[in-house]
Amino acid sequence: MVEKKEKGNSSYNHSCCFESFISPNPITSFNPVQRYPKIDKTAFVSQFSSVIGDVTINNNVYVAPNVYGQMKEPRFI
């Protein structure tokens with residue numbers, strides 16, 4: 001019989017916690033407008049990537065593990 005592991009157990013499978021981090025840019029004195037990334041549905045963003053701010057990721061794009069972000073001007077990938 002297989003026992004179900006509880007979340008409090010140190011051997012709990014944490015693979016579900018690895019998701020890409022996608023967020024708006026922080027509001028700053030030189031960039032007071034918060035902008036969100038635009039990601040096409042056909043694009044793949046790695047679970048170890050971060051996409052922050054005014055970033056556009058077009059169709060059929062693969063985003064490898066890394067951090068992509070823009071504070072002042074838009075970036076298109």
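Side-chain atoms are counted along with the backbone in the values below, which use heavy atoms only and exclude waters and symmetry mates. All residue numbers in this chain count up from 1 along the given sequence.
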- Note on the structure: Here the pair of heavy atoms bringing T56 nearest to N58 is CG2-OD1, 3.7 Å
- Listed partners of S20 passing side-chain contact (heavy atoms from CB on, under 4.5 Å), at least two apart: I22, V45
- Query: Do you know which two heavy atoms are closest between A64 and S49, and how far apart they sit?
  - Reply: O-OG, 2.7 Å
- Query: Can you find a pair of side-chain heavy atoms, one from I39 and one from I57, that are under 4.5 Å apart?
  - Reply: yes
- Message: Any non-hydrogen side-chain atom of D54 less than 4.5 Å from a side-chain atom of Y36?
- Response: no
- Message: Checking the side chain of N25 only, and the main-chain atoms of R35 only, is there a donor and an acceptor separated by less than 3.5 Å?
- Response: yes
